[in-house]
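Keep in mind that what you see is a predicted model, and the values were worked out from it rather than measured.
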Amino acid sequence: MKRLSLFKIGLILSIIGAVWIGVVFLEAEKVFESYDLNPSQTIILDVQLQDAGIGFYRILIPDFAGDALFIQILDPNGNILADKRIETKMAVNYFDFEYDGKYVLKATNLSEDLKIVEIEFGDTNSSEMRIPGISLGIGLMLIIISTFRKLQNYRTAQPEEKIS
């Protein structure tokens, strides 16, 4: 029977951890919408978030031409958690939330042109990523250790020195 090497065990643990993290993130509460924003128009997008954690929003402006978009995140009490001026084609930002309730994203078109905007807004489910993160970390450490051991035992042949 063939024995698994430290490298293969690390690779398997890393793959399992990465896939598990992806599945946990995909199962998180989030909404995805696409809008046509007229000049100075503001849209409101909300999502119900539970407990405390880390939320995120991803903004994509497919026909970006240097014009800005202003984003605000409000908690259930109407307090501003984050505000950001988006001046790139795509932006991903995170915010901490502490309460159950409806969190609101407001997006305002600051340009003088119609903008198509795709917004993804929700929870990262970061509290459920600890165990898969540990699996991924252990797998990567095993890969590093096995690679270091291989390199430590690696010898290169040196050509004989010619003195003339």
Side-chain angles (χ1 to χ4, degrees), residues 1-35 45-73 75 80-101 103 105 107 115-164:
M1 185 167 124
K2 196 171 186 180
R3 197 170 150 231
L4 285 177
S5 68
L6 199 59
F7 180 82
K8 288 180 184 176
I9 293 170
L11 188 61
I12 291 168
L13 281 174
S14 298
I15 291 170
I16 289 170
V19 169
W20 194 355
I21 286 173
V23 169
V24 167
F25 181 75
L26 288 174
E27 289 177 350
E29 181 67 33
K30 60 184 157 231
V31 293
F32 179 79
E33 296 288 334
S34 184
Y35 296 98
L45 187 62
D46 59 34
V47 67
Q48 187 74 25
L49 299 178
Q50 302 298 321
D51 302 323
I54 300 172
F56 79 100
Y57 60 94
R58 182 181 65 86
I59 309 294
L60 176 65
I61 307 169
D63 59 346
F64 181 73
D67 300 322
L69 190 71
F70 184 71
I71 303 295
Q72 273 189 330
I73 306 295
D75 70 5
I80 297 173
L81 295 178
D83 57 358
K84 183 113 178 151
R85 186 179 170 116
I86 307 295
E87 295 176 322
T88 57
K89 183 174 182 165
M90 186 173 99
V92 178
N93 289 296
Y94 299 90
F95 60 94
D96 294 324
F97 62 91
E98 299 176 5
Y99 317 105
D100 292 353
Y103 287 77
L105 180 142
K115 289 284 169 210
I116 298 169
V117 179
E118 295 175 6
I119 301 173
E120 188 174 5
F121 176 49
D123 188 2
T124 59
N125 245 0
S126 62
S127 61
E128 295 181 24
M129 290 185 190
R130 284 193 176 94
I131 294 171
I134 290 169
S135 170
L136 178 62
I138 290 171
L140 291 174
M141 289 305 294
L142 291 176
I143 291 171
I144 291 169
I145 290 168
S146 70
T147 303
F148 180 73
R149 288 168 106 189
K150 278 252 197 237
L151 288 175
Q152 196 173 24
N153 296 329
Y154 186 73
R155 303 279 184 243
T156 57
Q158 299 293 325
E160 290 187 27
E161 212 175 292
K162 269 191 168 179
I163 300 174
S164 51

*Could you walk me through whether Ile73 and Phe97 pass the side-chain contact (heavy atoms from CB on, under 4.5 Å) check?*
CA-CA 10 Å; Ile73 306 295; Phe97 62 91; over 6 Å; no
*asked:* side-chain contact (heavy atoms from CB on, under 4.5 Å) for Ile119 and Phe32? Distances and angles first, verdict last.
replied: CA-CA 6 Å; Ile119 301 173; Phe32 179 79; over 6 Å; no
*Please walk me through it: do Asp96 and Leu81 pass side-chain contact (heavy atoms from CB on, under 4.5 Å)?*
CA-CA 8 Å; Asp96 294 324; Leu81 295 178; over 6 Å; no
_Chi angles and distances behind the side-chain contact (heavy atoms from CB on, under 4.5 Å) call for Lys30, Phe25_ = CA-CA 10 Å; Lys30 60 184 157 231; Phe25 181 75; 3.7 Å; yes
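Proximity of a side-chain donor or acceptor of Lys8 to a complementary backbone N or O of Arg3 within less than 3.5 Å is not detected. At distances below 3.5 Å, not a single donor-acceptor pair connects side-chain atoms of Ser146 with backbone N or O atoms of Leu6. Under a 3.5 Å cut-off, the side chain of Ser34 and the backbone N or O of Glu118 do not form any donor-acceptor pair.
The closest side-chain heavy-atom distance from Lys115 to Asp67 is below 4.5 Å. Within the 4.5 Å cutoff, no side-chain heavy atoms of Asp51 are placed close to those of Ser127. Looking at heavy atoms from C-beta onward, Ile134 lies out of side-chain contact with Leu136 at the 4.5 angstrom threshold. At least one side-chain heavy atom of Asp83 sits under 4.5 Å from a side-chain heavy atom of Phe70. Ile86 has its side chain within reach of Asn93: a pair of non-hydrogen atoms, C-beta onward, lies under 4.5 Å apart. In this structure, the side chains of Phe56 and Glu120 come closer than 4.5 Å at one or more pairs of heavy atoms. At a threshold of 4.5 Å between non-hydrogen side-chain atoms, the residues Ile116 and Tyr35 do not count as touching. Under the 4.5 Å side-chain criterion, counting only non-hydrogen atoms from C-beta, Lys84 is in contact with Tyr57.
Between atom CD of residue Gln48 and atom OH of residue Tyr103 there is a gap of 9.5 Å, rounded to the nearest 0.5 Å. Atom-to-atom distance recorded for Ser5:OG and Arg149:CZ is 10.5 Å, nearest 0.5 angstrom. The CG atom of Leu69 lies 5.0 Å from the CD1 atom of Ile61; values are rounded to the nearest 0.5 Å. Summarising the geometry, atom CG belonging to Leu142 is positioned 10.5 Å from atom OG1 belonging to Thr147; distances are rounded to the nearest 0.5 Å. In this structure, Ile12 CD1 and Ser135 OG are separated by 11.0 Å, a value rounded to the nearest 0.5 Å.
The minimum heavy-atom distance linking Val47 with Gly122 is given by the pair CG1-CA, 4.2 Å. Between Val24 and Glu128, the shortest heavy-atom contact is CG1-CB, 3.8 Å. When all heavy atoms of Pro62 and Leu60 are compared, the closest pair comes out as CD-O, 3.5 Å. Listed here is the closest heavy atom pair of Glu29 and Leu49: O-CD2, 4.3 Å. Considering every non-hydrogen atom in both Asp123 and Ala28, the closest pair reads O-CB, 3.0 Å. When all heavy atoms of Ile54 and Thr124 are compared, the closest pair comes out as O-OG1, 2.8 Å.
Taking a 6.0 Å sphere around CD1 of Ile131, one finds it holds 12 or fewer heavy atoms contributed by other residues, nucleotides or ligands. At most 12 non-hydrogen atoms from other residues, nucleotides or ligands lie less than 6.0 angstrom from OH of Tyr99.
Tested against Glu33, the residues Val117, Leu105, Leu45 include a single side-chain contact (heavy atoms from CB on, under 4.5 Å) partner, Leu45.
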